[in-house]
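Below, chains carry the letters A, B, ... as their sequence lines are ordered, and counting in each starts from 1. All values reported here derive from a predicted model rather than from experimental measurement.
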Amino acid sequence: MPVGIVHRDAAAAAFFDGAARGELLVRRCASCGGFSAPQARACAHCGTPEQEWAPSAGAGTVITWAVVHGRPADGEAAPRTVVAVVELDEGPWLQAQLTGVAPEEVSAGLRVRAGFEHPEGGEAVPVFHPA
Amino acid sequence: MNRAPVIAGLGITELGKVYGRSAPEFAAEAVRLAAADAGLDLAEVDGLLTNTGLSRDVGLGLQRDLGLRDLRLLSEVQAYGSSAGAMVQYASMAVSCGMADAVACVFADAPLKERSPGGSAYASAGRAPKGWQGLAAASGISSATTMYALAARRHMTTYGTTSEQFGAIAVAQRAWAARNPLAQLREPITLADHQASRWITEPFHLLDCCLVSNGGVAVIVTSADRAVHLRQPPVHVLGWGQAHPGHVMGRGSEFGLVSGAAISGPAALKMAGVTLSDVGVAELYDCYTYTVLVSLEDYGFCAKGEGGDFVTSGVLGPEGSLAVNTGGGQLSSYYMWGMTPLSEAVVQARGQGGDRQAARNDVVLVSGNGGVLDHHSTLVLSPHAR
């Protein structure tokens with residue numbers, strides 16, 4: 001399944017600017033330097049609200065995954081989408097689609113790398129594929 | 001004066017595919033039924049706590065809908081699936097300290113629409129198209145089912161839990177539901193039926209997932225002294241606890257492995273002055289089969305990671321040694337968020353379970369689970385005062 005359409009809001013604007021230029025941005029704490037997920041409003045490690053945007057190297061590991069089954073069209077198999085929780089090497093978890101891998105071949109611990117899809121009419125969406 | 005809290009009334013409306021009525025209408029009817037069940041005039045209700053579901057329209061206006069005057073307690077409560085337990089806790093505290101004498105706690109929802117599949121009611125609910133929520137939806141994570149599937153898969157890969165073990169829970173609960181006249185699904189199922197049911201989101205088959213229901217359920221909390229003069233055998237609220245883990249989604253997170261039951265369970269049992277071995281009936285929130293399994297572990301009925309072996313050891317079902325989800329639960333009876341386990345717990349504690357009455361009902365444990373393992377409430381109920 002291709003990714004869907006998402007539009008920006010103020011909180012996610014910088015993240016989508018990064019995605020448009022191929023950068024996966026996460027939050028880095030201005031106080032302790034720890035990394036948090038992009039949507040974190042405070043540092044996951046020390047609670048400090050002041051955080052900067054910092055690019056992730058884009059490498060990570062599958063923590064867990066699920067296979068979403070769509071509704072089958074007439075005579076066709078139901079479309080399947082693999083979604084996963086990925087732990088970036090910097091520490092934060094992202095929830096994203098896995099591409100370029102059959103559902104049967106996904107396992108916990110699978111090494112993955114971030115990429116971006118650019119659906120018409122929406123923001124760039126990060127996805128992960130086997131490294 | 002014994003102001004110890006008891007549940008004295010239970011009201012359950014028609015449940016399931018019931019169309020043409022709004023959630024506020026279900027809520028009002030449930031409160032009226034609960035008051036009548038207790039043997040109270042509606043005007044004697046002096047506290048009201050409401051919990052709205054997806055319809056988001058059950059709230060403070062319920063006072064006017066019921067014509068209640070001069071309430072001494074009125075609030076909306078929202079902690080998702082843990083709300084029913086939480087409402088009973090707040091009502092119990094209000095009654096114990098004399099703030100109110102008879103508090104109605106109600107949940108109602110009407111997410112099912114005619115000619116629309118039940119799953120769609122929850123799939124699109126509350127999803128903003130923009131920002132972070134929009135990003136999740138665009139990535140294919142558009143429902144609680146997906147998040148619970150991610151949680152369940154983590155449990156499976158970490159501890160070796162299998163789909164067949166989840167299936168044992170579904171089969172056992174359906175066997176209980178066959179004995180519950182209120183249950184929406186009463187036809188027995190086998191493990192093969194579970195395995196053959198269509199995938200919703202792997203690792204969940206259809207028969208791993210709860211129902212979607214329209215309707216309302218209410219309980220009345222009052223004092224032990226007051227309950228002596230009322231219609232029903234009192235159900236004493238002996239202990240309670242909450243837990244809101246605040247999982248950080250990052251390295252080291254226990255997401256999927258541990259629920260708030262690990263904290264709220266021991267707290268509630270301690271307050272009640274009982275131990276886990278005293279529990280004869282456990283009514284556990286079961287939005288998915290997995291939720292039952294992880295809750296059994298976290299309460300300590302088995303060791304962490306051994307839930308899969310535990311649920312296939314013959315402990316579950318009407319012939320099992322532990323009475324778990326005796327009404328069929330959300331999987332097979334009706335989905336009224338935390339009111340599903342709470343309502344069945346009241347029935348069991350009163351000894352009114354009929355064909356499904358558990359023999360050992362001295363201590364009944366009630367588990368409420370909200371969000372994606374984000375919010376948890378536990379109640380310890382008993383037909384006996386402390």
Side chain to side chain contact (heavy atoms under 4.5 Å, CB included) evaluation trace for B/Trp132 with A/Val6: CA-CA 9 Å; B/Trp132 303 122; A/Val6 55; over 6 Å; no
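Within 6.0 Å of atom CZ in A/Phe16, more than 12 heavy atoms from other residues, nucleotides or ligands are found, so the atom counts as buried in its surroundings. Counting heavy atoms of neighbouring residues, nucleotides and ligands inside a 6.0 Å radius, atom CZ of A/Arg27 exceeds 12 of them. Atom NZ of B/Lys304 has more than 12 heavy atoms from other residues, nucleotides or ligands within 6.0 Å. Heavy atoms from other residues, nucleotides or ligands lying under 6.0 Å from CG of B/Leu191 number more than 12. By the 6.0 Å contact criterion, CD on B/Glu187 is open, its count of non-hydrogen atoms from other residues, nucleotides or ligands being 12 or less.
Listed by chain and residue number, A/Asp89, A/Arg111, A/Arg113 satisfy the side-chain contact (heavy atoms from CB on, under 4.5 Å) test with A/Ala59 (two or more places apart in sequence, or in another chain). Taking the side chain to side chain donor-acceptor pair (under 3.5 Å) definition, one finds that A/His69 meets it with B/Glu202, sequence neighbours left out.
For A/Leu88, the part lying under 4.5 angstrom from a heavy atom of chain B is the backbone only. Heavy atoms of B/Ile200 lying under 4.5 Å from chain A belong exclusively to its backbone. Both the backbone and the side chain of B/Ser253 have a heavy atom closer than 4.5 Å to some heavy atom of chain A. At a 4.5 Å heavy-atom cutoff, the contact between A/Ala84 and chain B is made by backbone atoms alone. Of the two parts of A/Gln95, the backbone and the side chain both hold a non-hydrogen atom closer than 4.5 Å to a non-hydrogen atom of chain B. The part of A/Glu90 that comes within reach of chain B is its backbone (N, CA, C, O), which places non-hydrogen atoms under 4.5 angstrom from that chain.
The most heavy-atom pairs under 4.5 Å with chain A, out of B/Ala151, B/Gly256, B/Ala152, B/Gly250, come from B/Gly250. Of the residues considered (A/Val85, A/Val82, A/Ile5, A/Asp9), A/Asp9 shows the highest number of contacts with chain B, using heavy-atom pairs under 4.5 Å. When the candidates A/Leu94, A/Thr61, A/Val125 are compared by the number of heavy-atom contacts under 4.5 Å with chain B, A/Val125 comes out ahead. No other option in A/Val127, A/Thr81, A/Val68 has as many heavy-atom pairs under 4.5 Å with chain B as A/Val68.
Here the options are A/Arg8, A/His7, A/Glu123, the test is side-chain contact (heavy atoms from CB on, under 4.5 Å), and the partner is B/Lys130; only A/His7 passes.
In this structure, B/Arg251 fails the cation-pi test against A/Trp93, since its NZ or CZ atom is not both closer than 6.0 Å to the six-membered ring centre and inside 45 degrees of the ring normal.
Of all the heavy atoms in B/Ala149 and A/Ala66, the pair that sits closest is CB-CB, 3.8 Å. Listed here is the closest heavy atom pair of B/Arg154 and A/Thr64: N-OG1, 3.2 Å. Taking all atoms of both residues into account, the shortest heavy-atom contact from A/Val83 to B/Ser139 is CG1-O, 3.3 Å.
In this structure, A/Pro126 and B/Leu135 have side chains that are in contact, with non-hydrogen atoms separated by less than 4.5 Å. In this structure, the side chains of B/Phe204 and A/Val67 stay at 4.5 Å or more apart for every pair of heavy atoms. When side chains are defined from C-beta on, A/Ile63 does not count as touching B/Phe255, because their heavy atoms never get closer than 4.5 Å.
Contacts of residues 291-298 of chain B with chain A at a heavy-atom distance below 4.5 Å are absent; not one residue qualifies.
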Identify every side-chain donor-acceptor pair in residues 30-46 of chain A under 3.5 Å, counting partners at least two apart or on other chains, and give the distances.
residue: A/Ser36; atom: OG; partner: A/Ala44; partner atom: N; Å: 2.9
residue: A/His45; atom: NE2; partner: A/Phe35; partner atom: O; Å: 2.8

